[in-house]
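I have placed the structure first, in the form of structure tokens, so that the comments after it can refer back to it.
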Amino acid sequence: MDILADLNKKQIEAVTTTTGPVLVLAGAGSGKTRTLIHRLAYLLTAKNILAPSVLAVTFTNKAAKEMHERVGALLGRPSTSFPLVGTFHSVSCRFLRREAKLIDYPSHFSIYDEDDQLSLIKNIIKDLGLNVKQIQPRAVLGAISRAKSDLITPTQYETDKAVDYFTKLVAQVYSRYQPALRANRAFDFDDLINQMVWLWQAHPEVLKRYQNQFNYLLVDEYQDVNRAQYVWTKLLAGESRNLCVVGDDWQSIYSWRGADFGNILRFADDYPEARVIKLEQNYRSTKIIISASNAIMERAELKADKTLWTENPKGESISILEVEDEVAEANFVVSEVIKLAQGKSNEAELIYEPIEETGLLPQITPIARYYGVDDDLHQFAVLYRTNAQSRALEEACLKAGLPYQLIGGVRFYERREIKDILAYLRLLINPFDSISFRRVCLNLTHGLGLTSVELVLQEAQTRQVNFLEEALLKNVNISSARREIFKKLAFLYKELDKLLPKLSVTKLIDEVLKKSGLEEDLLDGTTEGEIRLSNIQELKTVAEERAPGKGREALEQFLTEVSLWQDQDSLNKRKNGITLMTLHSAKGTEFKTVFLVGMEEGLTPHASSLDDPRELEEERRLCYVGLTRAKEKVYCLYASSRRLFGTVYPGIPSRFLGELPEALVQTTIINPF
DNA sequence: CGGAGCCACGTTTTT
DNA sequence: CGTGGCTCCG
């Protein structure tokens, strides 16, 4: 097996430069993932590095999984002798659970997601005697999270950042927020990184241990690391400095979440001896698409210098289309897909017939009906700036019978029934978890309300005991009926605790479904209840796959996995259909044909970015990401009027369209008259 | 305590 | 236009 076969010169350099710091600037479609995978394989075989001393960090579980599988395929060895490949959060969580006792946390701490964080913050605001309505807990959480991604502690925030009313309020909430997490034996997502950084800084001997173990470090999507992740990486790379980071500053689209692509631009400051390797040859797209993408990025102010090029054919022009409104836009996309899909498949399977007209705009593109069964539809994607835009597209697809796959929207683990079940299980592992306790009482236990639950919570807090201790209730001033309900709940948990060692997670979920009465509640004959129950069935499938085995250990593993694996489409089976998703979700994907819809001022670029040049730059990069998803053909659409939240707005073509060189585009105005 | 109606609000979201 | 969060009442 030749690991270097089929790689270009630059890629080979990136694969074989195994010692010292390496920065790989990998343009869109330049074979970045391939290079990474080959580098891992090269380390393990040609260099005979032992798997346990290699660590590869990604941002998404999907990327981690892909890397794992593809290295496996390349090496053809069992996954047991694999290096550790995982997301920043999952890897750090693993470390943190191992070392938790050093910072006085149990190893089975809960992991709080955004919902949980918000509940916690709302409670703190209430405790401070402030009005939750006037404050927007979301904004406070956002500020805290941003501070945390910059490794700013509550104390530092108070002294350095608290300058006006809002930031002073944030300081107040933040200083109570961290102790609140501790009281709950919980960490939030940011903590999974931060606490490890702080732990390493406070315990150099522990850091040393990790540095000694992981001699070879690989970080993917480096443009997306925030300050905390940057420090985390730098600490771990330590003195060996065998750190290879791969990324593309042009594809930095998460700076609003604390990602700082400056980290990629400043890499050489920390590592002056770094080898910088640029992967500029694109294997994905046509010359036209690459020229257009370069034209967009030429105008970016702050960026690493690189130019994408390709040996691929010139390809088709980029079609710019003006349509009447979002309905016409969706109709155009749908009929165009049907037309194109027909060209590629058995014609007998596709029959066109205009279906009943809407009555509103009968002149506009009569929708054809899709009768196909081919799976070429995977080759089409419709990308938009905001999730709200998916509605018109979905409707057009449904009307035409065109199968589609919607990425994003309400995520599986954010569904109420799922969160409820998980809260129930989480409380079993961590009975100090007040957020889960609240959920269990309020959503899954009849007869309990906010007032009595708050009283119990308060009593537990003053006595420093967990919520399930019966003795606790003696001093709580609630009616005897409610006291009985609490006692029943506590008893139920005791029972579950006893059964736990013998039960698989699947069985445990069944047990909870029955004993909590949730199953009974959901079997109320409504389809909604049915759907919720089937979601829980799906959760059981996840449990079987990700956490087989029995008892506490399996349950802990399951809870960690589902907390950290919130991936959108990991649960959606890849069914046939065109893909509908936001530009953000599109990063890392590729399609033969891409429709960029809503290319209007105020949408792409988004209105909220117009007054800030830096945010505008991010919109530009977003546009770049959109264009470079396409292998063969790009359509850009804008509507001359668009209905948003019930009101009609005039549509002005996006500035980015005007920046595309005229020679590359073909503009058509689809006018109904 | 919990359901029904009313009002406010509305980017992007890897973990 | 829809959703979700809150209030009021039974």
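Within every chain, numbering begins at 1; the chains are lettered A, B, ... in the order of the sequence lines, protein sequences first and strands thereafter.
Nucleic acid contact for A:Ser452: sugar-phosphate only, since backbone atoms but no base atoms lie under 4.0 Å from a heavy atom of the residue. Within 4.0 Å (heavy atoms only), A:Phe88 reaches no atom of the nucleic acid at all. Among the heavy atoms of the strands, none lies under 4.0 Å from A:Gly588.
Looking at A:Asp191 and A:Lys148, a side-chain N of the basic residue comes within less than 4.0 Å of a carboxylate O on the acidic one, giving a salt bridge.
Among residues two or more places apart in sequence or in another chain, the ring-ring contact (aromatic ring centres under 6.0 Å, His included) test is passed with A:Trp256 by A:Tyr254, A:His584. Under the side chain to side chain donor-acceptor pair (under 3.5 Å) criterion, A:Ser92 pairs with A:Trp232, sequence neighbours left out. Residues that satisfy the side chain to side chain donor-acceptor pair (under 3.5 Å) test with A:Asp521, not counting sequence neighbours, are A:His446.
Nucleotides of DNA chain C with any atom under 4.0 Å from a heavy atom of chain A span, from 5' to 3', C:dC1 to C:dT7.
Stacking between A:Trp256 and the base of B:dT12 is present: ring centres sit under 5.5 Å apart and the planes differ by under 30 degrees. Both stacking criteria are satisfied for A:His606 over the base of B:dT11: a centre-to-centre distance under 5.5 angstrom and an angle between ring planes under 30 degrees.
Note: A:Tyr624 and A:Trp250 have perpendicular aromatic rings, judged against thresholds of 30 and 60 degrees for the angle between ring planes.
A donor-acceptor contact closer than 3.5 angstrom is absent between the side chains of A:Asp325 and A:Ser641. Side chain to side chain, A:Asp188 and A:Tyr177 meet the donor-acceptor criterion of an N or O pair below 3.5 Å. Side-chain polar atoms of A:Gln557 and A:Thr560 form no donor-acceptor pair below 3.5 angstrom.
Nearest to the side chain of A:Asn61, among B:dT15, B:dC1, B:dT11, sits B:dT15. When distances run from any side-chain atom of A:His89 to the nucleotides B:dT15, B:dG2, B:dT11, the shortest one goes to B:dT15. Distance from the side chain of A:Gln136 is smallest to B:dG10 among B:dT15, B:dG10, B:dT12.
For the pair A:Thr451 and B:dC1, the criterion of a side-chain N or O lying under 4.0 Å from OP1 or OP2 is met. Between A:Ser585 and B:dT13 there is a side-chain N or O to OP1 or OP2 distance below 4.0 Å. Taking only side-chain nitrogens and oxygens, A:Asn387 comes nearer than 4.0 Å to OP1 or OP2 of B:dT13. Contact check, A:Thr582 against B:dT13: a side-chain N or O comes under 4.0 Å of OP1 or OP2.
The residue among A:Arg482 and A:Leu622 whose nearest nucleotide of DNA chain B lies closer to the 5′ end is A:Arg482. The nearest heavy atom of DNA chain B to A:Leu448 and to A:Phe189 marks one nucleotide each, and the one closer to the 5' end goes with A:Leu448.
Atom CZ of A:Arg532 has more than 12 heavy atoms from other residues, nucleotides or ligands within 6.0 Å.
Of the residues in residues 139-149 of chain A, not one places a heavy atom less than 4.0 Å from an atom of DNA chain B.
Taking atom C1' on both C:dG5 and B:dT12, the two are 23 Å apart, rounded to the nearest angstrom. For the P atoms, the distance linking B:dT13 with C:dG4 amounts to 16 Å, nearest Å.
Nucleotide B:dT12 carries an anti base; the chi torsion (O4'-C1'-N9-C4 or O4'-C1'-N1-C2) is more than 90° from 0.
Sequence neighbours left out, the pairs with a member in residues 24-36 of chain A that pass side chain to side chain donor-acceptor pair (under 3.5 Å) are A:Lys32-A:Asp220, A:Lys32-A:Glu221.
In this model, a side-chain donor or acceptor of A:Arg257 finds a partner on the base of B:dT13 within 3.5 Å.
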